[in-house]
Amino acid sequence: MSLIDPHSYFDTDQPAAKHVHLDWRVDLDRHILDGSARLDFSSPGSGTLDLDTRGLTIQGIVDQRGNIIPFELADDDEILGQRLRLTLPEGTTSVTIGYTTSPDALALQWFAPEQTEGKRHPFLYSQCQAIHARTIVPIQDTPRVRVAYSAAVTVPSALSAVMSAGPAGTRDGAAPGTRTFLFEMPQPIPPYLLAIVVGDIESRDLSPRARVWAEPEMVGRAAWEFEEVEQMSVTAERLFGPYDWERYDMIVLPPAFPYGGMENPRMTFLTPTVIAGDRSLVDVVAHELAHSW
């Protein structure tokens, strides 16, 4: 046993996840995510596997063959949350965990309509830094284990979803009045950079590889404010080398967003206070963009 991160149950002697697929249904009334996470391992494994969780209700676990995986949740630790211990049969290459988050998940912030600019719809955003990814997905929640991920996120039809990942299309949701947004993140990231937003949002393209999202009332102003982001990217590439993340998109959050910015790859989160009307505060974007290197 080798526990190298004091803030995670990750054991270097156990199989490490290399890819996670998320299938989430977003319930903005109950303030939960309901669905599953499939963890694909870097090589077949067996025996004990410890994952980080906090406040998750585990509904069941199966391997790649559909066989039921035994598991147990340890007592809650004030800092680490609950260790989820699985017992893997020989040759396990992936496990799919059905679960529901808690309404009190530390990574999720749920805004009532009156906390948004438009004041018509509820809004959701996440902040997994530093060890809150475990409150929305059972995972090895340590920067030592970097994972690529994909996701299918189902939301009410009136709303849209974005993630710290590339957009991969949409489809009708399984339930009437819903849409499912698909995402792909091919570059491995530490779990704290997993991010999601759901709300009444629209986008404007700024260049072939840059886009800004915001509520309809703000998206035009945001597009003008950040019109020069491609020039920033070209300048950064001249200084530091090629931009490896393919796209640099941004989202301006509602007025109640309490942070300045967050460098989630492919989808920087920004406070609306940077929309000054004279581009005097775009250095915040330059700062978040620089995290990409």
Side-chain angles (χ1 to χ4, degrees), residues 19-26 28 33 35-38 40 107-108 116 118 121-128 133 136-137 146-175 177-216 218-220 222-223 226-227 229-230 232-233 242-254 257 261-270 285 288-289 291-292:
H19 184 276
V20 178
H21 177 71
L22 303 168
D23 191 342
W24 283 342
R25 295 173 294 278
V26 181
L28 288 111
L33 306 179
S36 65
R38 189 189 73 236
D40 300 322
L108 302 178
T116 68
H121 299 281
F123 198 97
L124 163 67
Y125 78 91
S126 67
Q127 173 64 30
C128 287
I136 60 173
V137 58
R146 301 195 172 207
V147 293
Y149 80 89
S150 57
V153 180
T154 301
V155 303
S157 295
L159 306 181
S160 297
V162 297
M163 294 191 75
S164 54
T170 62
R171 65 188 184 212
D172 291 338
T178 63
R179 285 192 295 170
T180 299
F181 289 79
L182 307 176
F183 302 96
E184 293 283 348
M185 182 55 163
Q187 292 94 353
I189 61 170
Y192 76 85
L193 290 177
L194 177 68
I196 184 172
V197 167
V198 175
D200 180 16
I201 51 176
E202 296 180 356
S203 67
R204 297 287 187 276
D205 285 339
L206 305 175
S207 78
R209 61 174 173 175
R211 178 178 298 150
V212 64
W213 290 81
E215 292 185 75
M218 189 178 294
V219 69
F226 305 137
E227 189 176 55
V229 70
E230 180 63 23
M232 290 184 190
S233 300
Y243 180 76
D244 290 333
W245 301 91
E246 297 178 35
R247 296 197 57 83
Y248 182 70
D249 294 341
M250 301 165 285
I251 183 164
V252 179
L253 280 298
F257 182 64
M262 181 60 197
E263 66 276 10
N264 300 308
R266 294 178 178 248
M267 187 59 68
T268 287
F269 287 13
L270 293 167
V285 174
E288 304 303 342
L289 174 63
H291 280 287
S292 301

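Since we're looking at a predicted model, the values are computed, not measured.
- Applying the salt bridge (charged side-chain N to carboxylate O under 4.0 Å, His left out) test to Asp23 and every residue at least two apart in sequence or in another chain returns nothing.
- Between Arg25 and Leu33 the shortest side-chain heavy-atom distance does not fall below 4.5 Å.
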Show every donor-acceptor pair shorter than 3.5 Å between a side-chain atom in residues 191-205 and any protein atom, with sequence neighbours excluded, or say none if there are none.
residue	atom	partner	partner atom	Å
Asp200	OD2	Arg120	NH2	2.8
Asp205	OD1	Arg211	NE	2.6
Asp205	OD1	Arg211	NH2	3.3

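- Using a 4.5 Å heavy-atom threshold, the side chains of Trp213 and Val252 count as separate.
- Under the rule for a salt bridge (charged side-chain N to carboxylate O under 4.0 Å, His left out), Arg179 has no partner lying at least two apart in sequence or in another chain.
- The side-chain heavy atoms of Glu215 and Pro254, taken from C-beta on, include a pair separated by under 4.5 Å.
- Considering only residues two or more places apart in sequence or on other chains, Thr178 meets the side chain to side chain contact (heavy atoms under 4.5 Å, CB included) condition with Thr154, Ala175.
- Looking only at side-chain heavy atoms (C-beta outward), Met163 and Val153 come within less than 4.5 Å of each other.
- The structure places CG of Leu22 at 7.5 Å from OH of Tyr149, a figure rounded to the nearest 0.5 Å.
- Side chain of Ser207 to main chain of Arg209: a donor-acceptor pair is present (N/O by atom type, distance under 3.5 Å, no hydrogens or angles).
- Distance check, rounded to the nearest 0.5 Å: SG of Cys128 to CD1 of Ile136 gives 3.5 Å.
- With a 4.5 Å cut-off on side-chain heavy atoms, Asp40 and Val20 do not count as touching.
- To the nearest 0.5 Å, atoms CZ (Arg247) and CZ (Arg266) are separated by 8.5 Å.
- At a threshold of 4.5 Å between non-hydrogen side-chain atoms, the residues Val285 and Leu270 count as touching.
- Side-chain polar atoms of Tyr248 and Ser292 form no donor-acceptor pair below 3.5 angstrom.
- By the side chain to side chain contact (heavy atoms under 4.5 Å, CB included) test, Thr170 pairs with Phe181, sequence neighbours left out.
- Under the rule for a side chain to side chain contact (heavy atoms under 4.5 Å, CB included), the partners of Ser150 that lie at least two apart in sequence or sit in another chain are His19, His21, Glu184.
- Considering Leu108, Leu159, Val155 as possible partners of Val26, the one that fulfils the side-chain contact (heavy atoms from CB on, under 4.5 Å) test is Val155.
- With hydrogens and angles ignored, the 3.5 Å screen pairs no side-chain donor or acceptor of Trp24 with any backbone N or O of Ser36.
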